Structure formats: C-alpha cells, structure tokens
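Note that this is a predicted model, so its numbers are computed, not measured. As the structure lists them, so they are numbered: ligands from 1, and atoms in each ligand from 1. Keep in mind that the numbers below use all heavy atoms, side chains included, and drop hydrogens, waters and symmetry copies.
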Amino acid sequence: RNVVILISGGGSNMAAIVRAAEQQRWQARHGIRIAAVVSNRADAGGLAFAREHGIATEVLDHRAHSSREDFDAALARTIDGHQPALVVLAGFMRILTPAFVTHYAGRLVNIHPSLLPAFTGLHTHQRALDAGCRFAGCTVHEVTAELDAGPILEQAVVPVLPGDDAQTLAARVLSQEHLIYPRAVLAHLLRQPAG
Ligand code: GRF
C-alpha cells in the first residue's frame with residue numbers, strides 16, 4: 001500500500017513518518033511504502049530529505065494554475081499516479097477544494113497544531129497563550145470539507161510553561177507531532193483491509 005505525503009515547507013512531520021517507516025520496516029512487515037513526497041513549493045526543505053531517502057518527489061506550483069480547482073485537479077492527477085492508499089498532509093499549507101477532499105474521502109489525513117476542536121486555523125500557539133491555556137497540543141484528523149474539523153485519530157497534550165512564547169510552545173508541540181503522526185498513519189493503514 002502506497003502513502004503519498006504532501007508538504008509545503010520543512011517537512012519535519014514527513015521526515016518523522018519516513019524515519020518510522022524505515023526503522024519499523026513498514027514495507028517488509030506491512031507492505032506499506034512512502035511512494036512520493038509532493039510539494040506546492042519548489043523551495044520546500046523537505047524535498048531534499050525525501051530525495052536523500054530515495055523517495056520520488058514532485059512539485060506542483062500553485063501559481064502555475066489559474067484556479068484553485070485547476071490546481072487541485074492537477075494535484076490529484078499527480079498523486080493518483082502513485083496509487084495512494086493514504087494521502088498525508090504534513091505542513092501542507094493549502095486549503096483544499098471539496099472536490100479534492102471528496103476524491104480522497106476516507107484516505108486523507110492531516111496534523112493540526114492544537115487540541116481540536118479548539119483553535120482551528122492559523123497561529124494556534126499564540127492564540128492558546130493569549131487565551132491563558134494551561135495545556136496545548138496537536139491533533140491528527142481525517143480531512144473533510146470543513147477546515148480542521150474531521151474525525152480525530154490521535155492527539156497529544158503538552159503543558160504550557162511559565163515564560164513560554166509561541167516559538168517555545170510550538171517546538172514542544174512539534175516534538176509530539178513527530179510521535180503521534182507516524183503512529184496514526186500506520187494505524188490508519190492497518191485498520192484498512194489489505195488491497
Ligand atoms: C507544524 O506545526 C504542523 O502542525 C503544521 O505545519 C507545521 C510545520 O510542519 N501542519 P512540518 O515541519 O512542515 O512538518
């Protein structure tokens with residue numbers, strides 16, 4: 001079963017999944033392989049990591065497309081070229097059209113840096129600090145047409161510490177993201193019937 005991971009930047013979550021797949025021998029033990037890493041930005045740092053790990057990479061520049069629908073259709077064609085059993089959004093900073101989400105219904109997941117349903121959208125760490133939260137965290141969820149609102153698959157909690165700012169809190173949350181995302185991806189695939 002093939003996994004396609006979508007990134008826009010550093011791709012640290014993608015890297016964590018790739019490392020888990022290698023270290024836990026997903027291909028030999030479960031027939032799961034990371035088939036491709038796809039980015040909407042040619043300068044995404046994660047592309048170099050993927051190439052170093054022998055994973056096919058593709059770049060689709062959203063600026064080369066006249067509409068969101070046109071880009072998403074091209075993106076789906078590229079992804080489908082790898083016959084994905086699961087499409088993983090990992091720091092992919094694009095809002096996807098309902099048609100794209102429908103096309104991958106049940107096999108499209110995302111990680112969001114808050115304890116959903118709290119703090120959907122952007123700047124989650126600063127908003128949690130501004131709200132005086134004592135805890136923060138991250139959520140892996142199925143992607144549905146509604147932004148950051150699909151069924152929750154995994155969560156992790158971190159404490160907000162005195163003196164935290166958005167950067168220190170983000171780093172603490174990110175380290176948890178790297179733990180829960182590989183686990184959630186594998187669980188999602190093993191729960192699906194082989195095929
Ligand atoms: C992370 O905060 C993640 O929660 C969000 O994008 C940020 C960067 O992720 N989805 P990555 O390092 O590019 O994986």
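Close contacts between ligand 1 and Pro113 involve ligand atoms 2 (O), 4 (O) [criterion: under 4.0 Å to a heavy atom].
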Between His178 and Arg19, does a side-chain contact (heavy atoms from CB on, under 4.5 Å) hold up when you go through it step by step?
CA-CA 10 Å; His178 298 162; Arg19 286 197 181 95; over 6 Å; no

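Here atom 6 (O) of ligand 1 lies nearest to Gly91 when heavy atoms of Ala90, Gly46, Ser114, Gly91 are compared.
Geometrically, ligand 1 and Leu174 share no nitrogen or oxygen pair separated by less than 3.5 Å. Ligand 1 has no N or O atom lying under 3.5 Å from any N or O atom of Gly9, backbone or side chain. In terms of N/O distances under 3.5 Å, ligand 1 is approached by Ser12. Here's the thing with His125: none of its N/O atoms is less than 3.5 angstrom from an N/O atom of ligand 1.
With rounding to the nearest 0.5 angstrom, the CD1 atom of Ile34 is 6.0 Å from the CD1 atom of Ile55. One finds the CZ atom of Arg107 at 9.0 Å from the CD1 atom of Ile79 (value rounded to the nearest 0.5 Å).
Considering only non-hydrogen protein atoms, atom 10 (N) of ligand 1 sits nearest to Ile111 O, 3.3 Å. Of all protein heavy atoms, the one closest to atom 14 (O) of ligand 1 is Asn13 N, 2.8 Å. Ranking protein heavy atoms by distance to atom 13 (O) of ligand 1, first place goes to Gly11 N, 3.0 Å.
Contacts between Glu177 and ligand 1, counted as non-hydrogen atom pairs separated by less than 4.0 Å, involve the side chain only.
In this model, a donor atom of one side chain and an acceptor atom of the other lie less than 3.5 Å apart for His62 and Asn40. Donor-acceptor pairing under 3.5 Å is lacking for the side chains of Gln24 and His30.
Residue Ile95 qualifies as open at atom CD1: its count of foreign heavy atoms under 6.0 Å is 12 or below.
Counting protein heavy atoms under 4.0 angstrom from atom 1 (C) of ligand 1 gives one or more.
Nearest heavy atom pair, residue Val109 against residue Tyr181, reads O-OH, 3.3 Å.
Judged purely by atom type and a 3.5 angstrom limit, Glu154 has no side-chain atom pairing as donor or acceptor with the backbone of Pro182.
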